[in-house]
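A short write-up of the structure that comes next.
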Amino acid sequence: MSDGFHHGVAAHVPVLRLGEVLLVTLQGDLHDSMAQQLQQDIAATIVDSRVTGVVIDISGVEVIDSFLGRVLAEIAASSSLLAARTVLAGMRPAVAITLVELGLTLPGLRTALTTEAALELLARRTPVADAGGSPREHP
């Protein structure tokens, strides 16, 4: 991973490591096979690089459906199980309205208006271990 990307199949979404955070930028439609590959790429990169956060930038996504909403929720859930927090950045107003209309609350996902704000959110609340070894939030 010397170039900062985790490579999967030919048609894939790049997963870029920025320090302790993975940055994933979605553009346009995410098809079934690409979504499955993205989930695998993110999980593998979290384990390999031991990052603590994932930012998914959806500013390039104009339309969201229940499939993409489910994929985003599953990425957040698997990232959480691997000790990384997920923030969804750049959501357009129409996408937010569609998610509400579909009844998708996206559990486990925090949101930020911009990628920069998402990175700041993850930097502000870094999990650290307490004296007993249990993780806790650091302000």
Side-chain angles (χ1 to χ4, degrees):
M1 261 186 4
S2 60
D3 62 358
F5 290 94
H6 184 276
H7 297 282
V9 294
H12 73 285
V13 178
V15 178
L16 177 63
R17 181 177 176 187
L18 299 173
E20 296 297 314
V21 175
L22 298 181
L23 175 61
V24 179
T25 303
L26 300 182
Q27 299 289 326
D29 293 334
L30 188 65
H31 303 288
D32 291 6
S33 61
M34 287 177 63
Q36 290 175 332
Q37 186 64 50
L38 177 61
Q39 288 176 297
Q40 292 171 5
D41 287 351
I42 290 173
T45 307
I46 289 170
V47 171
D48 293 345
S49 59
R50 299 179 185 235
V51 296
T52 58
V54 177
V55 173
I56 303 174
D57 180 354
I58 62 166
S59 59
V61 175
E62 293 188 28
V63 178
I64 196 164
D65 58 11
S66 59
F67 170 73
L68 183 54
R70 183 178 53 80
V71 166
L72 294 172
E74 287 175 1
I75 289 171
S78 61
S79 297
S80 178
L81 289 172
L82 296 171
R85 293 175 296 133
T86 304
V87 180
L88 195 61
M91 187 179 303
R92 296 173 184 239
V95 170
I97 291 167
T98 301
L99 287 172
V100 170
E101 289 173 348
L102 291 172
L104 297 173
T105 58
L106 303 179
L109 274 173
R110 303 280 314 258
T111 58
L113 293 177
T114 64
T115 299
E116 293 81 12
L119 292 169
E120 289 173 12
L121 179 64
L122 289 172
R124 245 193 342 247
R125 297 174 45 121
T126 305
V128 295
D130 66 14
S134 300
R136 61 182 168 86
E137 294 289 310
H138 184 271

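Everything numeric here is computed off the predicted structure, so don't read it as measured data.
- Comment: Arg124 does not engage Glu120 in a salt bridge, judged by the lack of any side-chain N to carboxylate O separation of less than 4.0 angstrom.
- Contact annotation: the side chain of Ile64 approaches that of Leu72 to within less than 4.5 Å [non-hydrogen atoms, C-beta and beyond].
- Taking every heavy atom of both residues into account, Ala84 and Ile46 meet most closely at CB-CD1, 4.0 Å.
- Side chain of Arg85 to main chain of Leu122: a donor-acceptor pair is present (N/O by atom type, distance under 3.5 Å, no hydrogens or angles).
- Annotation for Leu109 and Ala73: closest pair CD1-N, 4.4 Å, computed over non-hydrogen atoms.
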- Query: Are Arg110 and Leu121 close enough, and set up right, to give a side chain to side chain contact (heavy atoms under 4.5 Å, CB included), and what steps lead you there?
  - Reply: CA-CA 9 Å; Arg110 303 280 314 258; Leu121 179 64; 3.7 Å; yes
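- The minimum heavy-atom distance between Gly69 and Leu104, with the atom names listed, is CA-CD1, 4.0 Å.
- You'll find the side chain of Leu68 stays beyond 4.5 Å of the side chain of Ile58, heavy atoms only.
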- Message: Evaluate Asp41 against Gln37 for side chain to side chain donor-acceptor pair (under 3.5 Å), listing each step before the verdict.
- Response: CA-CA 6 Å; Asp41 287 351; Gln37 186 64 50; 2.8 Å; yes
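- Rounding to the nearest 0.5 Å places CD of Gln36 at 9.5 Å from CD of Glu74.
- Leu119 is not connected to Leu113 by any chain of hydrophobic side-chain contacts under 4.5 Å among Ile, Leu, Val, Met, Phe, Trp and Tyr, and they are in different clusters.
- More than 12 heavy-atom neighbours from other residues, nucleotides or ligands sit within 6.0 angstrom of CZ on Arg70.
- Between Ile75 and Leu38, some side-chain heavy-atom pair lies under the 4.5 Å cut-off.
- Looking at heavy atoms from C-beta onward, Ser80 lies out of side-chain contact with Thr86 at the 4.5 angstrom threshold.
- Remark: Asp65 CG is packed, more than 12 non-hydrogen atoms of other residues, nucleotides or ligands lying under 6.0 Å away.
- Residue Leu102 comes nearest to Ser66 through the heavy atom pair CD1-N, 3.7 Å, listed as atom of the first residue, atom of the second, then distance.
- Remark: Leu99 CG to Thr105 OG1 distance equals 9.5 Å, nearest 0.5 Å.
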- Query: What do the steps show when you test Val21 against Val54 for side chain to side chain contact (heavy atoms under 4.5 Å, CB included), and what is the final call?
  - Reply: CA-CA 5 Å; Val21 175; Val54 177; over 6 Å; no
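- Note: the hydrophobic cluster containing Ile97 does not contain Val61 (ILVMFWY, side chain heavy atoms under 4.5 Å, direct or indirect links).
- Put simply, the side chain of Val63 does not reach to within 4.5 Å of the side chain of Val95, judged on heavy atoms.
- Ala118 approaches Ala112 most closely through the heavy-atom pair N-CB, 3.5 Å.
- Counting heavy atoms from C-beta on, the side chains of Ser79 and Ile42 come closer than 4.5 Å.
- Here the closest non-hydrogen pair linking Phe67 and Asp32 is CZ-OD1, 3.3 Å.
- Looking at Arg17 and Val51, their side chains come closer than 4.5 Å, going by heavy atoms from C-beta outward.
- The closest donor-acceptor contact from the side chain of Asp57 to the backbone of Ser59 lies under 3.5 Å.
- Annotation: side chain of Val24 is in contact with side chain of Val13 (closest heavy-atom distance under 4.5 Å).
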